[in-house]
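Reading through the structure tokens given below for one structure.
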Amino acid sequence: MAAASRPVLRSDMVKKGVERAPHRSLLRALGLTDKEMSQPFVGVVNSYSEIIPGHTHLRQLAEAAKGGVRGAGGTPFEVNVPGVDDGIAMGHIGMRYSLASREVIADGVECMAMAHAFDALVFVTNCDKIVPGMLMAAVRLNLPCIFIAGGPMLAGQWQGRAVDLNTVFEAVGLVSKGDLSEEELGRLEEMACPTCGSCAGMFTANTMNCATEALGLALPGNGTIPAVDAARIRLAKEAGAQVMELLERDLRPRQMVTRDGIWNALAVDTALGGSTNSILHLLAIAHEAGADFPLDMVNEISARTPELCRISPAGSHHVEDLQRAGGIAAVMKEIESVLHTELPTVTGKTVGENIAAAAVCDRTVIRPFAEPYSPRGGLTVLFGSLAPEGAVVKSGAVAPQMMSHRGPARCFDSEAECTQAIMSRHFKEGDVLVLRYEGPRGGPGMPEMLSPTSMISGMGMDDKVALITDGRFSGATRGASIGHVSPEAAAGGPIAALRDGDEVSIDIANQRLDIALSQEEIEARLAALPPFQPKIDTGYLKRYAQYVTSASRGAVFKD
């Protein structure tokens, strides 16, 4: 970037003028040369961690991105944010910190970027809450920025088939059923996660990385190039260089993350049959961007966007297969008629220009628009007397016989209670397991619950029972698992009024979730309940529960 033509830089406030001599002295202590001091300052926000397999290799990608920044005339500074590994946090108190960490990440990026007057940002990310937390920060700050993900893990091989982390979770159900020995489980455990990277299926991490590409905030390939592929390093270098072009052109996130941009991301998500968590996160990102995006618009998108892919957990393919089939660009090309193609992207081209030459290379992975797995997209929002503000289900991973179901409720007030009942097989075919007081406020933290759903699937019961919760499910969940029920039990939602034996009606095709109770009976039962008592009354989770809003609003903090 030529100094004579460059725009006024934010970083000038820490390096220009006599009064900034102390600031420059500290910058020189970092080893900066006069040339580096004169160039734009680019924050490289790295979520590297030794506890997350999807992030353990991010140092290498951050170095590649910094090389790209330097080569294009910028001065990079690497800073860090925390991250929670959802798989390791699953099933204990740690999971209550997962969604809650999204706000910490967004706030942390804001603190670092504003305090150090960065001119532009490169986000080096990969997994579940880290990607949306960074996306929220990106649109909040609205600085020129670009994303580079760590990429998906390769699938493992076990007993002649491709496996992933979800296979291990489901195998726990097989062991409890007596269909798999603990020794076989141990061998699977060693084979399921063979490389670094985000877990190999279309779970939340990969869903969000694909959504970031669809939003236009990442270069093509961001969502699908495997973590161990050299192309991932090249992409990081290109991303670092491209952020300098974005700075020169003054292209900012809010030009891409509009109502139409969120539409595009969710259209791609429904075509992929991605994680239900993407709805929660994209609503939060839309909120930060000031883009009005009502929850019921998801159903309009699903009605217009066919489900073209069946990637684990919905099918046998993995993200590496999607990459070989043409990646997200090929999916977008297939659903081009549904997309807003005029929007700008970080490539400097529009969405339409980016996908103009894209083509599907494997029709077993990406089906034609006219020959989909389902004419309706893979995500559905349900409304009704049990969920007046909405609930979400990965409809593309629901067995056909469970798309419409009536059954008696079996109510549990904690994940541990529900999991124990499943392990002991204290339920019957046709039951609707209701897991409540696990929402954003009630959890607190709206924990993901992969263990109960995986055990049900492992037992071969995911086409015979349903599970409904005001918490949320992992992107690896399949079956009639309905989450994000709003209002949640802790906020006095109808789910708190349910009792064992009450009839629950699920009608996914018609987007309904109801209970066979009159409104008067629901209100009377709710009025008779004792006041909600928080499960945790100290530290960050106490503050989180006080300020978090409903899942139907993205579980963002109150304004």
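Remember, it's a predicted structure, so these values are computed and weren't measured experimentally.
With sequence neighbours excluded, the residues that form a side chain to side chain donor-acceptor pair (under 3.5 Å) with S550 are E389, S486, S552. Every residue meeting the salt bridge (charged side-chain N to carboxylate O under 4.0 Å, His left out) condition with R259, not counting sequence neighbours, appears here in chain and number order: D292.
Checking side-chain atoms of N126 against main-chain N and O of G151 turns up a donor-acceptor pair under 3.5 Å. Of the possible polar contacts, one joining the R96 side chain to the G443 backbone as a donor-acceptor pair under 3.5 Å is found. Remark: side-chain polar atoms of N46 are not paired, donor with acceptor, to backbone N or O of A62 under 3.5 angstrom. Between the side chain of N222 and the backbone N or O of A149 there is at least one donor-acceptor pair closer than 3.5 Å. A donor-acceptor pair under 3.5 Å is absent between the side-chain atoms of D470 and the main chain of H484, judged by distance alone. No side-chain donor-acceptor contact under 3.5 Å links D164 to the backbone of A200. Between the E288 side chain and the I285 main chain, no donor and acceptor come within less than 3.5 Å of each other. In this structure, T549 contributes its side chain and V556 its backbone to a donor-acceptor pair below 3.5 Å. Here the side chain of R102 pairs no donor or acceptor atom with the backbone of K129 at under 3.5 angstrom. Remark: side-chain polar atoms of R24 are paired, donor with acceptor, to backbone N or O of K15 under 3.5 angstrom.
The aromatic ring centres of Y97 and Y544 sit 6.0 Å or more apart.
Taking a cutoff of 4.0 Å between a charged side-chain nitrogen and a carboxylate oxygen, K535 and E438 qualify as a salt bridge. Salt bridge annotation for D107-R140: present, with a cationic side-chain nitrogen under 4.0 angstrom from a carboxylate oxygen.
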(request) Kindly indicate, with the supporting measurements, whether the criterion salt bridge (charged side-chain N to carboxylate O under 4.0 Å, His left out) is fulfilled by E488 and R441. (result) CA-CA 8 Å; E488 62 177 298; R441 179 185 172 197; over 6 Å; no
(message) side chain to side chain donor-acceptor pair (under 3.5 Å) for D559 and H287? Distances and angles first, verdict last.
(response) CA-CA 10 Å; D559 291 328; H287 174 80; 3.2 Å; yes
(request) Please assess N277 against D128 for the test side chain to side chain donor-acceptor pair (under 3.5 Å), listing each intermediate value before the final yes or no. (result) CA-CA 9 Å; N277 284 318; D128 296 50; 5.4 Å; no
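Side chains of T350 and E342: a donor-acceptor N/O pair is absent below 3.5 angstrom, by distance only. Judged purely by distance below 3.5 Å, without hydrogens or angles, the side chains of H57 and R232 never pair a donor atom with an acceptor atom. Judged by distance alone, the side chains of S275 and T207 never bring a donor and an acceptor atom under 3.5 Å apart.
Across A239 and I148, no two heavy atoms sit closer than the pair CB-CB, 4.3 Å. Residues A329 and A358 share a closest heavy-atom pair of O-CB, 3.5 Å. Of all heavy-atom pairs spanning L61 and A236, the tightest one is O-CB, 3.6 Å. The minimum heavy-atom distance between D250 and Q255, with the atom names listed, is O-OE1, 3.3 Å. For V319 against P152, the heavy-atom pair with the smallest separation is CG1-CG, 3.6 Å.
The neighbour count for I88 CD1, taken as heavy atoms of other residues, nucleotides or ligands under 6.0 Å away, is above 12. In Q60, the CD atom is not crowded: 12 or fewer heavy atoms of neighbouring residues, nucleotides or ligands sit closer than 6.0 Å. Around CZ of R20, the count of heavy atoms belonging to other residues, nucleotides or ligands within 6.0 Å exceeds 12. With a 6.0 Å radius and a threshold of 12 heavy atoms from other residues, nucleotides or ligands, K333 has its NZ atom above the threshold.
Of the inter-residue distances, the one linking N264 atom CG with L215 atom CG reads 8.0 Å to the nearest 0.5 angstrom. Atoms OG1 and CE, on T75 and M244 in that order, are 8.0 Å from each other to the nearest 0.5 Å. To the nearest 0.5 Å, atoms CG (D269) and CD1 (I301) are separated by 9.5 Å. Summarising the geometry, atom NZ belonging to K542 is positioned 12.0 Å from atom CD1 belonging to I536; distances are rounded to the nearest 0.5 Å. Separating the CG atom in L217 from the CZ atom in R252 is a distance of 13.5 Å, to the nearest 0.5 Å. For the atom pair CZ (R28) and CD (E36), the distance works out to 10.5 Å, reported to the nearest 0.5 Å.
Paired with H55 under the rule side-chain contact (heavy atoms from CB on, under 4.5 Å), one option of D85, V124, I130 passes, and it is I130. Each of H317, Q323, R324 was scored for a side chain to side chain donor-acceptor pair (under 3.5 Å) with D321, with one residue passing: R324.
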Check residues 116-123 and write down every donor-acceptor pair under 3.5 Å in which the side-chain atom is one partner and the other belongs to a residue at least two apart or another chain.
{"unit_1": "H116", "atom_1": "ND1", "unit_2": "M112", "atom_2": "O", "d": "2.9"}
{"unit_1": "D119", "atom_1": "OD1", "unit_2": "R10", "atom_2": "N", "d": "2.7"}
{"unit_1": "D119", "atom_1": "OD1", "unit_2": "S11", "atom_2": "N", "d": "2.8"}
{"unit_1": "D119", "atom_1": "OD1", "unit_2": "S11", "atom_2": "OG", "d": "3.4"}
{"unit_1": "D119", "atom_1": "OD2", "unit_2": "S11", "atom_2": "OG", "d": "2.6"}
{"unit_1": "D119", "atom_1": "OD2", "unit_2": "F41", "atom_2": "N", "d": "2.7"}

